[in-house]
Amino acid sequence: MCSIMGFCDSGVTFDLFKERFDETLSRGPDDSRIIDTGKGYLGFHRLAIMGLHPEGMQPFELSGSYCVCNGEIYGFEKIKEKLAEKYTFRSGSDCEILLPLYREYGTDMFKMLDAEFALILFDGETKEYIAARDPIGIRPLYYGTYKSGAMVFASEPKNLVGLCDTIMPFPPGHYYKDGRFIPYCRIDQVETVCHDDLETICRNIHDKLTAGVEKRLVADAKVGFLLSGGLDSSLVCAIAQKRSKTPIKTFAIGMEKDAIDLKYARQVADHIGSDHTEVFMTRQQVLDSLREVIRILGTYDITTIRASMGMYLLCRWIHENTDIRVLLTGEISDELFGYKYTDFAPDAEAFQKESEKRIRELHMYDVLRADRCISSNSLEARVPFGDLDFVQYVMAVDPALKLNTYGKGKYLLRHAFQGDYLPQDILMREKAAFSDAVGHSMVDDLKDYAETEYTDEEFTEKCRQYTFATPFTKESLLYREIFEEYYPGQAPMVVDFWMPNKQWKGCDVNDPSARVLSNYGASGQ
């Protein structure tokens with residue numbers, strides 16, 4: 001990861017800009033630079049992944065125009081080769097192509113990128129700023145206005161606290177120009193439904209996910225893999241291992257006494273032949289890390305916080321004990337192929353609408369979790385299930401085929417990788433939520449701790465002060481109060497709690513864990 005920030009006008013001091021920008025120094029500890037564009041500041045904290053030499057340091061400059069980008073641009077070599085007929089390049093950085101690309105194509109460039117990115121660009125000719133974010137929002141970007149009216153963009157909301165009264169996430173798949181957010185790709189919207197037969201669909205799912213993993217293995221820094229033992233991360237690791245001449249490095253975490261997934265992660269690692277590491281966490285570590293996790297996340301959402309505890313502690317361990325800089329993860333599969341609760345979808349149209357909603361809001365939840373837990377430990381996240389070609393294809397598949405009519409959730413994904421990728425019992429294993437799978441006791445510990453913080457009367461009284469996303473359990477109130485300490489008044493940064501669709505029969509529950517659903521069954525055993 002890297003960190004970027006742009007103050008898009010004069011009117012702020014260098015010292016204040018630097019003070020706020022340095023809140024995200026952990027995202028880019030290798031080098032830092034702030035430049036005065038003549039009409040505001042652009043800042044860049046670098047985590048060197050591609051083009052490790054000093055020439056790859058940003059902001060990049062071209063004839064008075066500047067650009068900072070936190071991103072990974074796949075297949076940039078072909079674009080660079082074409083642009084090299086007209087432009088001279090100084091580094092091996094993928095992001096160096098952006099200014100020449102903008103010079104040639106303007107804002108049409110964004111729909112040309114196969115990338116996960118957030119960027120801020122200063123046009124030296126028009127003296128205006130342009131910002132943009134990838135279609136899913138895998139790379140973070142936030143915005144607000146300074147008291148002078150100047151627009152401010154930054155990688156994380158903590159950069160903007162104290163600068164802007166209202167902080168909001170930059171909408172994925174949009175660019176900002178002339179005071180407006182303009183869509184260039186709405187990946188949640190399907191123009192033409194794919195009616196291929198099941199075997200053709202599964203073959204395409206296999207090929208497109210494989211390609212998505214392969215392109216994310218390219219890095220000048222060392223790559224590792226988070227392996228929970230669930231289907232999604234296990235497939236990413238299995239695909240990567242098939243394409244590696246040496247054992248890949250996999251990492252799993254769990255509670256000391258009841259970590260459901262550690263045994264499954266070990267089974268996957270043994271099957272694919274990875275160099276596997278198990279990390280254990282304790283109840284005290286979880287409770288001691290809670291405030292810091294909420295601070296780095298910038299959310300009060302129950303699901304996101306629970307699932308972040310293990311991920312954050314594992315990434316911290318990797319940062320402190322290895323030289324790995326890039327981690328591949330298994331996020332975004334659920335939103336495409338379904339959760340336990342989408343088994344309750346009344347019909348295919350309802351399933352598709354729920355998937356569209358989840359993909360549209362993903363940048364505030366699971367994608368946010370992966371980004372913050374990994375970047376706060378000076379690592380970079382890569383998400384193969386978020387590959388644009390893969391997502392667009394799966395979203396277009398006839399939703400009637402994605403409904404769980406097979407007696408097994410995510411059947412299309414499982415069937416696509418029948419063979420020797422994974423042990424059959426892992427390939428067909430029922431899903432357990434990550435926050436539960438690191439150990440049921442972890443979620444129970446958090447809930448128990450919250451119960452000790454408030455009497456019933458205090459809970460009722462304190463909840464009344466929050467009219468937006470009102471807490472509904474003592475656990476949710478605890479998280480909200482910690483959130484408000486760090487991000488006062490910024491709750492609308494998150495649209496709501498990540499919960500099952502309460503309008504569906506069987507989903508009107510008061511806890512986001514799949515454990516409370518009637519169809520949980522053998523999941524997590």
Which pairs pass ring-ring contact (aromatic ring centres under 6.0 Å, His included) with one or both residues in residues 182-204, sequence neighbours excluded? F110-Y184
Do the side chains of R382 and E72 get close enough for a salt bridge, i.e. N-O under 4.0 angstrom? yes
N70 vs R27, side-chain contact (heavy atoms from CB on, under 4.5 Å): CA-CA, chis, key distance, verdict: CA-CA 10 Å; N70 170 25; R27 296 186 70 91; 3.3 Å; yes
Modelled atom types, side-chain donor and acceptor of Y74 and E116, under 3.5 Å: yes
Between Y300 and F497 (judged by ring centroids, cut-off 6.0 Å), do the two rings come close enough to count as a pair? yes
Is K242 positioned over the aromatic face of Y421, cation under 6.0 angstrom from the ring centre and no more than 45 degrees off axis? yes
Distance under 6.0 Å and angle within 45° of ring axis: R133 vs Y175: no
Closer than 4.0 angstrom, basic N to acidic O: yes or no for K215 and D114? yes
Flag for E354-Y339: side-chain donor and acceptor within less than 3.5 Å: no
Between F153 and Y176, does the ring pair (Phe, Tyr, Trp, His ring centres under 6.0 Å) criterion hold? Intermediate values first, please. CA-CA 10 Å; F153 299 104; Y176 173 88; 5.3 Å; yes
Working for ring pair (Phe, Tyr, Trp, His ring centres under 6.0 Å), residues F7 and Y146: CA-CA 9 Å; F7 191 95; Y146 188 55; 5.1 Å; yes
Could you give the distance from CD1 (I97) to NZ (K80), rounded to the nearest 0.5 Å? 9.0 Å
Distance under 6.0 Å and angle within 45° of ring axis: K208 vs Y393: yes
Partners of T342 by side-chain hydrogen bond (donor to acceptor under 3.5 Å, both in side chains), sequence neighbours excluded? none
Checking R139 against E380 for the salt bridge (charged side-chain N to carboxylate O under 4.0 Å, His left out) test, could you report, in this order, the C-alpha distance in whole Å, the side-chain angles of both residues, the deciding distance, and whether it holds? CA-CA 10 Å; R139 295 302 168 95; E380 173 172 298; 3.5 Å; yes
